[in-house]
Amino acid sequence: MESKQLLIIPILLVFLGIISRNFIFLILAAVSVILVRPDFLKIDILAQKFKDFILFNRKIIENEYRIIDGILESKDEYKAFVIVDDIPFDYRDLSNEGLRAKVISFHKVLDVVDNVDIIFRKKSIDKNKFLESLFRRAQNLRVITEADPSNEKVKNELLMIQEMIKKISEGEPPFQYIIYFVVTSPSREKALASATLLRKGLESIGIKARLARTSEVEDFITSGYIRRKEKVGFPTQIPYFTVFSIPKSPTYQIISDGIYLGKEIGTARSVFWNLEKTMNPHVLVIGPSGAGKTEFLISTGVKINTWYHIPVVFFDVKNDIKLRLRRKGIKPVILNPLIYSINLLKISENINQGIYVSLLENVISNSFRMDKYSSSILYKVITEAFSRFQEPTWNSVIEQINQLDVTEEVKIYLSKIVNKIKSVDIESSDESLVDKIEEGVYVIDLSLIKSEELKRFVIYSILVKIINKYNIADDKFKISLVIDEAWTILRSESEDYSLVADIIKRGRGYGIILMMATQNLYDLGELSDIFLENSGLLVFMNNGDKKFWSEVKRFANLSDEEIYRELSFLGRGEGVIRFIGDPRPLVVKLDTFAS
Ligand SMILES: Nc1ncnc2c1ncn2[C@@H]1O[C@H](COP(=O)(O)OP(=O)(O)OP(=O)(O)O)[C@@H](O)[C@H]1O
């Protein structure tokens with residue numbers, strides 16, 4: 001008899017229960033329902049299905065989307081779904097080169113499509129139960145192959161299962177996975193075409209994928225994943241998603257916008273530097289003579305000038321920057337400190353005198369490598385000159401030195417230094433050198449200053465004047481300073497007297513973008529770790545010296561193999577770049593005017 005007809009029994013029993021008011025009839029009615037329609041017990045499943053149905057329909061109404069032929073349509077976008085059926089290999093099947101090539105190909109395949117979300121669902125499974133089922137399956141397959149040794153298909157399956165058992169016993173946890181690639185496009189045709197292109201691309205690198213069916217897309221939306229399609233896999237089988245293969249790449253935000261730096265070698269991907277997003281805008285380039293440091297500084301400086309409409313000031317130590325700029329058709333304003341005075345002792349009213357004088361002490365102490373005792377005396381005499389005179393000059397400082405109660409030797413030593421300063425700071429009443437700087441490209445010609453200490457003094461003095469000129473506390477970039485051959489100043493920085501290190505540590509604080517280059521790590525002196533750890537962009541250039549690269553390893557994730565294979569043979573204008581806060585470096589062919 002049909003189960004529906006049998007339902008009359010529980011109905012009768014309920015009826016009897018109500019008339020007789022006997023509870024036993026109701027219990028009997030419930031028992032008979034279970035006997036007649038056992039599926040009523042799965043009431044929760046029915047409820048879930050009902051809920052899914054309601055939810056799905058409500059979403060369609062609320063979001064106004066519908067699914068036609070496997071494409072999810074909403075008001076102004078179309079989503080096509082590609083489902084991965086199988087990745088029939090793992091990374092150990094590939095050589096290092098092979099894996100690298102495959103990973104690069106995978107990302108190239110993704111690049112073909114504009115908007116793609118990759119949804120990877122992973123669920124752990126009970127390892128023991130899974131192993132048990134594999135053993136059972138292997139047992140059966142063995143029996144079949146013994147009976148029919150010519151059955152290649154079964155033999156292959158057995159090999160595969162044995163391989164899976166081996167992987168698990170090697171410690172790889174099996175899991176269930178499902179991977180979707182969701183392609184979003186403004187039109188149905190484009191979504192379908194992109195998804196098909198993506199599927200073909202995946203196929204070309206051995207990933208079996210297909211377009212999802214309407215029911216699978218519905219399942220995706222209602223329950224979030226397609227239960228029936230879950231596959232069992234191993235971490236090593238999904239190389240694109242595992243640590244083995246995630247390409248080393250700095251945060252997308254940092255490298256996808258801003259100043260164009262060049263193209264990544266290997267992928268030819270364009271690399272930018274987003275100065276807006278970096279916490280530190282300073283650049284440090286390290287590389288041997290002829291590597292292309294100056295060219296990189298010149299082109300990056302000019303780009304910053306045009307991009308941000310801020311002045312860029314090149315400190316031209318070797319008198320080559322001016323000529324190179326002119327060769328590229330850029331006409332810089334040349335500022336010669338022997339013509340336009342630095343006017344270090346002239347300060348504007350809004351400047352705190354105490355702080356300024358201690359900055360001056362730093363400048364002089366570092367430039368002339370003074371000991372702490374002498375520089376403290378110098379601090380004292382400059383402070384006194386400032387308190388005694390409305391507009392102190394270096395001559396008034398010498399006057400103060402002569403009045404000191406110290407040995408004649410100290411007086412001579414200090415006066416000698418101040419006289420040296422006087423030879424480059426001519427103290428004219430005209431506009432000083434730094435006041436001349438507006439928006440544009442400037443070259444400070446240091447070629448006529450022969451002594452290292454005086455070069456250092458001029459660079460430092462101009463730095464201090466610039467800090468004061470642009471002393472407005474906001475988050476805007478105000479000026480970019482380029483110092484080639486930066487060892488001139490970096491080597492003399494110390495814990496007690498530092499200026500460049502302070503600018504670097506302050507990050508965006510002064511609104512200055514400081515760009516420096518030098519030949520090797522030793523040029524960075526005592527504070528080298530401060531410069532290397534804090535600079536927003538580090539560029540290590542072409543260097544065959546393995547020792548150099550092993551030192552660079554402290555600041556960027558580089559493997560010995562990469563150093564051996566790639567970095568020891570970099571060409572001119574090529575380098576490893578590292579952004580602050582991200583140890584993943586990129587090997588880049590830098591964009592310069594010379595390239
Ligand atoms: N990317 C490039 N492509 C082609 N030529 C380049 C590139 N970069 C630099 N050069 C050329 O190589 C030579 C050396 O470059 P550059 O002066 O920039 O190197 P450097 O590292 O600053 O050397 P040094 O420390 O001796 O000043 C120059 O003649 C320059 O024009």
Side-chain angles (χ1 to χ4, degrees), residues 259-273 282-305 312-330 332 441 443-450 452 455-456 459 480-491 500 513-525 528 531-532 535 537-545 547-549 551-552 566-578 585-595:
I259 303 294
Y260 178 54
L261 296 180
K263 279 207 182 324
E264 191 185 11
I265 296 171
T267 63
R269 173 171 55 157
S270 296
V271 180
F272 297 83
W273 186 30
H282 308 300
V283 182
L284 183 57
V285 188
I286 295 167
S289 182
K293 302 182 297 292
T294 313
E295 285 297 332
F296 176 69
L297 289 182
I298 289 177
S299 59
T300 313
V302 172
K303 282 180 205 167
I304 289 176
N305 164 253
V312 57
V313 179
F314 292 94
F315 290 86
D316 198 353
V317 181
K318 292 189 300 192
N319 200 21
D320 59 342
I321 294 182
K322 172 175 66 185
L323 301 174
R324 292 198 206 195
L325 281 167
R326 283 189 184 146
R327 234 178 279 146
K328 302 296 164 206
I330 299 157
V441 178
V443 168
I444 296 186
D445 184 357
L446 299 169
S447 59
L448 293 175
I449 302 168
K450 298 295 172 213
E452 276 317 315
K455 264 187 202 162
R456 218 171 17 239
I459 299 175
S480 175
L481 308 176
V482 182
I483 310 175
D484 200 3
E485 308 290 339
W487 56 267
T488 326
I489 51 170
L490 298 181
R491 229 186 251 164
V500 177
I513 300 170
L514 193 54
M515 299 173 57
M516 298 182 293
T518 195
Q519 295 201 353
N520 58 56
L521 294 165
Y522 303 108
D523 290 345
L524 305 179
S528 77
F531 302 128
L532 289 161
S535 293
L537 174 65
L538 287 179
V539 183
F540 300 104
M541 296 194 73
N542 166 33
N543 198 313
D545 177 7
K547 198 164 150 244
F548 170 82
W549 289 116
E551 279 163 21
V552 170
E566 218 175 335
L567 304 182
S568 308
F569 307 103
L570 287 180
R572 178 172 278 166
E574 296 176 346
V576 171
I577 63 174
R578 193 227 61 177
L586 293 175
V587 186
V588 173
K589 167 117 191 95
L590 298 160
D591 175 68
T592 63
F593 297 141
S595 46

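We count ligands from 1, going down the list as the structure has it; atoms in each ligand are counted the same way.
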For ligand 1, the residues whose heavy atoms come within less than 4.0 Å (ordered by chain, then number): Pro288, Ser289, Gly290, Ala291, Gly292, Lys293, Thr294, Glu295, Lys318, Arg324, Glu485, Gln519, Arg572, Gly573, Thr592, Ala594, Ser595

Backbone of Ser447 reached by a side-chain donor or acceptor of Asn319 within 3.5 Å: no

Aromatic ring pairing Phe548/Phe540, orientation class (parallel under 30°, perpendicular over 60°, tilted between): perpendicular

CD-CG distance between Gln519 and Leu524, expressed to the nearest 0.5 angstrom: 12.0 Å

Residues Trp487 and Glu485: side-chain donor-acceptor under 3.5 angstrom: yes

Listed pairs under 3.5 Å, donor-acceptor, residues 286-294 side chains, sequence neighbours left out:
residue: Lys293; atom: NZ; partner: Gly287; partner atom: O; Å: 2.8
residue: Lys293; atom: NZ; partner: Pro288; partner atom: O; Å: 3.1
residue: Thr294; atom: OG1; partner: Asp484; partner atom: OD2; Å: 2.7

Pair Thr488, Lys455: side-chain N/O donor-acceptor within cut-off below 3.5 Å: no

